[in-house]
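Owing to the predicted nature of the structure, the values given are computational and were not obtained by experimental measurement.
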Amino acid sequence: METLLTFLAADFLGTPTWSWLLFIGIVVSLLAFDLGVLHKEDREIGVRESLLLSAGYISAALLFGAWVWWQMGAASGMAYYTGFMIEKSLSMDNVFVIALIFSFFAIPRQYQHRVLFWGILGVIVLRATMIGLGAALVSNFGWLLYLFGAFLVFTGIKMWMIADQTPDIASNPILKFLKRHMRVTDGLRGNAFWVREVDPATSRPVRWATPLLLALVLIEFVDLLFAVDSVPAIFAITTDPFIVYTSNIFAILGLRALYFALAAMIHRFHYLKYALALVLVFIGTKIFLVGFIGKVPAVVSLSVTFGLIAGGVLFSLWKTRGERGKAELAAE
């Protein structure tokens, strides 16, 4: 018993082990309830269900943030909520690209949740690796924060300049590589990622990948690209690995749940990209301001971030008022 208590109280990346286990337990429970109870069978998820499921995930995230505030202090709580909002907002672009991927592979809506669910498992591992590596580098090389800041400013400017461009899925190098090195079926095989079918060249049954697997791999690759922006952005708010990781994962969990509602109206948020670009520039610039005016209070960072995002959403809705869902990619 004493050994167990010692283990739970032991420090892991600056936070007691029991706090990490609590977070992992919550995430595993949410995913088990999602897949094992709500979506045991493949079916189409409607907008209403998507909104309710997302509200549940957001409520869990907000309650966890309240616990962080109570357990670790106001500064940590504010950093958590700021990181959660930044990741949630930056992932809006991710939703648009995911909708394009599903449309490109003609993935029916009843199979999309399966792809997104398994994608979440990859994200949990991928983000843990990136954040752990980032925390180790920052703790040993403090000057890397300034490199992160410069990268965020550059990324923000680039995002502003290419906001009107649409990714070309067919030309994606990862997709080309997969098609060159894997046998891929000419269409879906139900909800299977892999199947065994006869190879025409050898007349023997071999393993084939399906377009569902290619969609999953591309979605994981897209998340990796977006993580390159979002992880440094949250490290600019706090270098606490626990706050960075938990806010990241909770934001992604909720956004994937909200995907089915957002995909049908993502075109209404076109101008949000410009607001996100300004958020990245603000966060990157804030790092360099520390040497001149001191550390920017967390409440200021949260207020400016919220103001820019809210402004981008409202301006987008106003500019696209009256538009119909002509860009409902996910419904194709």
Ser59 side chain to Ala55 main-chain N or O, any donor-acceptor pair under 3.5 Å? yes

Consider only side-chain heavy atoms of I, L, V, M, F, W and Y, link residues closer than 4.5 Å, and tell whether Leu314 and Leu278 are in one cluster. no

Residues which pass ring-ring contact (aromatic ring centres under 6.0 Å, His included) with Trp20, listed by chain and number, not counting sequence neighbours: Phe12, Phe242

Please answer: with hydrophobic residues joined when any side-chain heavy atoms are less than 4.5 Å apart, are Leu63 and Val27 in the same cluster? no

With hydrophobic residues grouped by side-chain heavy-atom distances under 4.5 Å, do Val125 and Phe221 end up in a single group? no

Go through the structure and list residues passing side chain to side chain donor-acceptor pair (under 3.5 Å) with Glu197, not counting sequence neighbours. Arg189

Less than 4.5 Å apart, any side-chain heavy atom of Phe117 and any of Arg114? no

Nearest heavy atoms of Val281 and Thr285, plus distance in Å: O-OG1, 2.7 Å

If you count heavy atoms of other groups shown closer than 6.0 angstrom to CH2 of Trp194, is the number above 12? yes

Do you reckon Val115 sits in the same ILVMFWY cluster as Ile174, going by side-chain contacts under 4.5 Å, direct or chained? yes

When you look at Met72 and Ile243, which way does the side-chain contact (heavy atoms from CB on, under 4.5 Å) test go after all the steps? CA-CA 10 Å; Met72 305 176 67; Ile243 301 299; 4.3 Å; yes

Indicate the atoms forming the closest heavy-atom contact of Ile283 with Ile86, along with that distance. CD1-CD1, 3.2 Å

Applying side-chain contact (heavy atoms from CB on, under 4.5 Å), can you list everything that pairs with Ala275, at least two apart in sequence or on another chain? Leu272

Looking at Ala170 and Lys176, what are the two nearest heavy atoms and their distance? O-CE, 3.9 Å

Set out, in order, the CA-CA distance, both residues' side-chain angles and the distance that settles side-chain contact (heavy atoms from CB on, under 4.5 Å) for Ile98 and Gln112, then state yes or no. CA-CA 10 Å; Ile98 289 173; Gln112 291 177 8; over 6 Å; no

Anything under 30° is parallel, anything over 60° is perpendicular, the rest tilted; go ahead and classify Tyr274 against Trp160. perpendicular

Distance col, row Leu253:CG vs Leu53:CG, nearest 0.5 angstrom, shows 10.0 Å

Could you note down all residue pairs passing salt bridge (Lys or Arg N to Asp or Glu O under 4.0 Å) where residues 147-157 supplies at least one of them, sequence neighbours left out? none

Can you list everything that forms a side chain to side chain donor-acceptor pair (under 3.5 Å) with Asp240? Sequence neighbours excluded, please. none

To the closest 0.5 Å, what do you measure between CG (Leu175) and CZ (Arg180)? 10.0 Å

Same hydrophobic cluster for Leu116 and Leu52, using side-chain heavy-atom links shorter than 4.5 Å among ILVMFWY? no

Just say parallel, tilted or perpendicular for the rings of Phe250 and Tyr80, cut-offs at 30° and 60°. perpendicular

Could you name each residue pair satisfying salt bridge (Lys or Arg N to Asp or Glu O under 4.0 Å) that touches residues 57-71, not counting sequence neighbours? none

Run through the side-chain heavy atoms of Ile, Leu, Val, Met, Phe, Trp and Tyr, join any pair under 4.5 Å, and report what else lands in Val206's cluster. Val195, Trp208

Worked check of side-chain contact (heavy atoms from CB on, under 4.5 Å) between Leu218 and Phe104: CA-CA 11 Å; Leu218 282 188; Phe104 178 81; 5.8 Å; no

In chain order, what residues pass the salt bridge (Lys or Arg N to Asp or Glu O under 4.0 Å) check against Arg207, with sequence neighbours excluded? none

Nearest heavy-atom pair of Phe84 and Ala61: which atoms, and what distance? CE1-CB, 3.5 Å

With a cut-off of 3.5 Å and sequence neighbours excluded, list every side-chain donor-acceptor pair involving residues 210-217.
| residue | atom | partner | partner atom | Å |
| --- | --- | --- | --- | --- |
| Thr210 | OG1 | Ala192 | O | 2.7 |
| Thr210 | OG1 | Phe193 | O | 3.3 |
| Thr210 | OG1 | Leu212 | N | 3.3 |

Nearest heavy-atom contact between Thr238 and Val244 is O-CG2, 3.5 Å

State, to 0.1 Å, how close Glu220 and Ile120 come at their nearest heavy-atom pair, and which atoms those are. OE2-N, 4.4 Å

Tell me, which pairs form a salt bridge (Lys or Arg N to Asp or Glu O under 4.0 Å) where one or both residues lie in residues 123-145, sequence neighbours left out? Glu87-Arg127, Arg127-Asp223

Side-chain contact test, heavy atoms from C-beta onward, threshold under 4.5 Å: evaluate it for Leu121 versus Leu31 and give yes or no. yes

Is the shortest side-chain heavy-atom distance between Ile219 and Phe102 below 4.5 Å? yes

Cut-off 3.5 Å, no hydrogens considered: what does the side-chain donor-acceptor table look like for residues 148-156, sequence neighbours left out?
| residue | atom | partner | partner atom | Å |
| --- | --- | --- | --- | --- |
| Thr155 | OG1 | Phe151 | O | 2.8 |

Contacts of type ring-ring contact (aromatic ring centres under 6.0 Å, His included), residue Tyr245, not counting sequence neighbours: Phe23

Counting N and O atoms only, with roles assigned by atom type, does the side chain of Tyr81 sit under 3.5 Å from a partner on the main chain of Ser247, one being a donor and the other an acceptor? no

As an exercise, state the distance from OG1 of Thr305 to CG of Leu280, rounded to the nearest 0.5 Å. 9.5 Å

